[in-house]
Every structure is written in C-alpha cells, then in structure tokens.
Amino acid sequence: DYIESSNTWFISTTIIEPSTSSGSYFGHDISMNWSGTRIAIGAYGENNVYVYDATSTSSNPWATYVSNVITGPSSPTPSRFGYSVSLAEDKGDLLVIGAPDWNRVDLYELINSSWTRVFSNIGDDIPNIIPYDQTSNVTVHSKVTTPSPDIRSNVSSLQYGFSVDISAFGERINIGGPGFVYENIN
C-alpha cells in the first residue's frame with residue numbers, strides 16, 4: 001500500500017502472501033474501497049480471496065490490519081475462484097468474485113463480521129457470438145450439450161467471471177466472459 005504525502009509517495013505497509021504454496025497467484029487481481037481502508041486480493045490458484053481491513057488509528061491506517069479469507073469451491077478443479085475481484089468502492093461491505101473456470105460470479109456481503117454469499121450467477125445462458133466471415137456470425141449458446149461436428153469445443157467454458165466490476169454503491173455488477181476458442185468452423 002502506498003500513501004501520498006506532500007507530493008511524495010511512500011510505502012505504508014507491505015502485505016505478505018499468506019500461502020506458502022507456489023502457484024497461488026496471490027495478487028492477480030486486487031480492489032480497494034474509496035477510503036483506502038479495505039483491500040480484497042485474489043489468489044485464484046488456491047481458490048481464495050483475502051480481505052484486509054486497516055485497523056490503526058494513527059496517521060498510517062495500515063500500521064495494523066486484520067484479514068479474512070473467503071474460500072471458493074473445491075470442485076470443479078480448477079474453478080479459478082478469485083481470478084477477478086471488485087469491492088463496491090463507497091459501500092465496501094460488498095464484494096464480487098469471479099471464478100471463470102466455473103463460469104460463476106458470487107456477490108458477498110460483510111454481515112456481522114463474516115463475508116456471506118448473498119447472490120450467485122452461473123453464465124449458462126450467455127450466447128457466444130463469433131465472426132464466421134466478413135458478413136455473418138455464428139452463435140453458440142452455452143446450454144448446447146452436443147455441438148455440431150463443425151464446432152469442436154467445450155461450450156461450457158465461457159470464462160464467465162473473467163473480469164468483474166461492481167458500482168460504487170453496489171447497485172450494478174458488470175461481468176466479463178470472453179468466451180472460448182473454437183478449434184474449427186467449417
């Protein structure tokens with residue numbers, strides 16, 4: 001965490017990765033509330049999101065802090081829970097977490113000092129629209145269970161939740177799902 005003072009930026013604290021395992025991808029995505037007193041850090045390699053709250057009353061609020069861990073699903077593996085995170089900047093008790101290998105986005109709310117999932121959405125109704133040629137597109141809906149022989153791919157891997165963003169007051173959520181790569185279209 002960096003703080004600006006008199007037009008100079010300095011490090012106020014360094015948050016050390018809590019996991020000792022390699023491949024946690026701690027810090028792949030981070031989000032901070034407007035006041036700078038809460039930070040959410042994704043560690044999708046271990047299906048975790050770490051939420052840190054500054055607790056100091058000194059001029060450096062990050063002199064002391066507490067942390068909470070939100071653990072994603074153990075199945076399917078991998079889900080990449082925590083690949084994307086977004087705190088509502090003005091209402092920092094709302095947190096959106098993306099799990100693109102699970103095609104899922106969860107909304108958590110801090111209720112009685114505990115992060116509780118209050119909404120979940122699986123992007124199974126999102127169509128994949130891809131260019132076929134210069135004048136037409138091919139649309140494949142993710143609910144297709146047996147794609148035609150012309151489309152050889154896993155239609156359940158839309159990567160829904162690849163990116164997430166929640167509005168400042170938490171009344172809107174945007175979700176990115178870049179889709180998947182088709183091996184062949186004839």
Side-chain angles (χ1 to χ4, degrees), residues 1-2 14-19 21-54 65-111 114-130 140-143 153-182:
D1 183 54
Y2 284 84
T14 301
I15 296 175
I16 306 296
E17 177 180 3
S19 173
S21 66
S22 63
S24 72
Y25 296 99
F26 179 81
H28 175 266
D29 199 17
I30 61 172
S31 184
M32 180 185 297
N33 66 352
W34 272 347
S35 63
T37 56
R38 176 168 291 146
I39 299 172
I41 302 176
Y44 73 85
E46 56 186 27
N47 288 336
N48 285 336
V49 172
Y50 296 89
V51 183
Y52 296 91
D53 289 296
Y65 57 87
V66 296
S67 66
N68 290 288
V69 180
I70 302 170
T71 300
S74 58
S75 178
T77 303
S79 70
R80 291 197 295 169
F81 179 86
Y83 188 86
S84 54
V85 296
S86 182
L87 278 167
E89 293 170 340
D90 196 52
K91 187 174 165 59
D93 60 347
L94 294 174
L95 171 63
V96 179
I97 301 172
D101 282 4
W102 200 23
N103 292 315
R104 182 171 169 158
V105 171
D106 295 320
L107 173 65
Y108 285 82
E109 184 173 8
L110 186 61
I111 301 172
S114 178
W115 288 97
T116 304
R117 188 174 69 206
V118 294
F119 174 77
S120 185
N121 185 259
I122 296 176
D124 66 352
D125 58 350
I126 310 298
N128 280 288
I129 301 172
I130 62 166
V140 176
H141 292 274
S142 59
K143 290 188 179 190
S153 187
N154 179 359
V155 295
S156 66
S157 182
L158 302 176
Q159 297 185 52
Y160 184 76
F162 186 85
S163 57
V164 295
D165 192 23
I166 187 169
S167 62
F169 294 101
E171 60 286 289
R172 289 192 176 15
I173 298 171
N174 289 314
I175 302 164
F180 57 90
V181 177
Y182 289 100

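FYI, the numbering just counts along the sequence from 1.
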- Item | Closest approach of I16 to Y52 (non-hydrogen atoms, all atoms of both residues) | O-OH, 4.4 Å
- Query: Looking only at heavy atoms, which two atoms of Y50 and A43 are closest? And how far apart?
  - Reply: CE1-CB, 3.8 Å
- Starting at CZ of R172, measure out to CD1 of I166 and round the result to the nearest 0.5 Å. 11.5 Å
- Task: Name the orientation class of the two ring planes belonging to H28 and Y83 (parallel below 30°, tilted from 30 to 60°, perpendicular beyond 60°).
- Result: tilted
- Message: Return the CG to CG distance between L87 and L94, rounded to the nearest 0.5 Å.
- Response: 9.0 Å
- Query: Is there a side-chain contact between P18 and F26 (heavy atoms, below 4.5 Å)?
  - Reply: yes
- side chain to side chain contact (heavy atoms under 4.5 Å, CB included) partner of I70, chosen from V85, N47, T116, I97: I97
- Message: Please give me the minimum heavy-atom distance between S84 and F162, naming the atom from each residue.
- Response: CB-O, 3.5 Å
- Residues passing the salt bridge (Lys or Arg N to Asp or Glu O under 4.0 Å) test with D93, sequence neighbours excluded, are K91
- Message: When you compare the side chains of Y160 and N121, does any donor N or O come within less than 3.5 Å of an acceptor on the partner?
- Response: yes
- Any residue meeting ring-ring contact (aromatic ring centres under 6.0 Å, His included) with Y108, in chain and number order, not counting sequence neighbours: none
- Message: Could you tell me if the side chain of I111 sits less than 4.5 Å from the side chain of V118, heavy atoms only?
- Response: yes
- Query: What distance separates D106 CG from F81 CZ, expressed to the nearest 0.5 Å?
  - Reply: 5.5 Å
- In short, salt bridge (charged side-chain N to carboxylate O under 4.0 Å, His left out) pairs touching residues 37-54 with sequence neighbours left out are R38-D53
- Query: What pair of heavy atoms forms the shortest contact from V49 to A40, and how long is it?
  - Reply: CG1-CB, 4.4 Å
- Task: Mind checking side chain to side chain donor-acceptor pair (under 3.5 Å) for E89 and listing every partner two or more places apart, or none if nothing turns up?
- Result: W34
- Task: Apply side chain to side chain donor-acceptor pair (under 3.5 Å) to S31 and list each qualifying residue two or more places apart in sequence or on a separate chain.
- Result: none
- Task: Decide if atom OH of Y65 counts as having more than 12 heavy atoms of other residues, nucleotides or ligands within a radius under 6.0 Å.
- Result: yes
- Heavy-atom nearest pair, M32 first then G36, reads SD-CA, 3.5 Å
- Using salt bridge (Lys or Arg N to Asp or Glu O under 4.0 Å) as the criterion, list what pairs up with D29, not counting sequence neighbours. none
- Item | R104 side chain reached by S79 side chain, heavy atoms, under 4.5 Å | no
- Message: How about CD1 on I30, more than 12 heavy atoms from neighbouring residues, nucleotides or ligands closer than 6.0 Å, or not?
- Response: no
- Message: Main chain of V96, side chain of S86: is a donor-acceptor contact present, judged purely on distance under 3.5 Å?
- Response: no
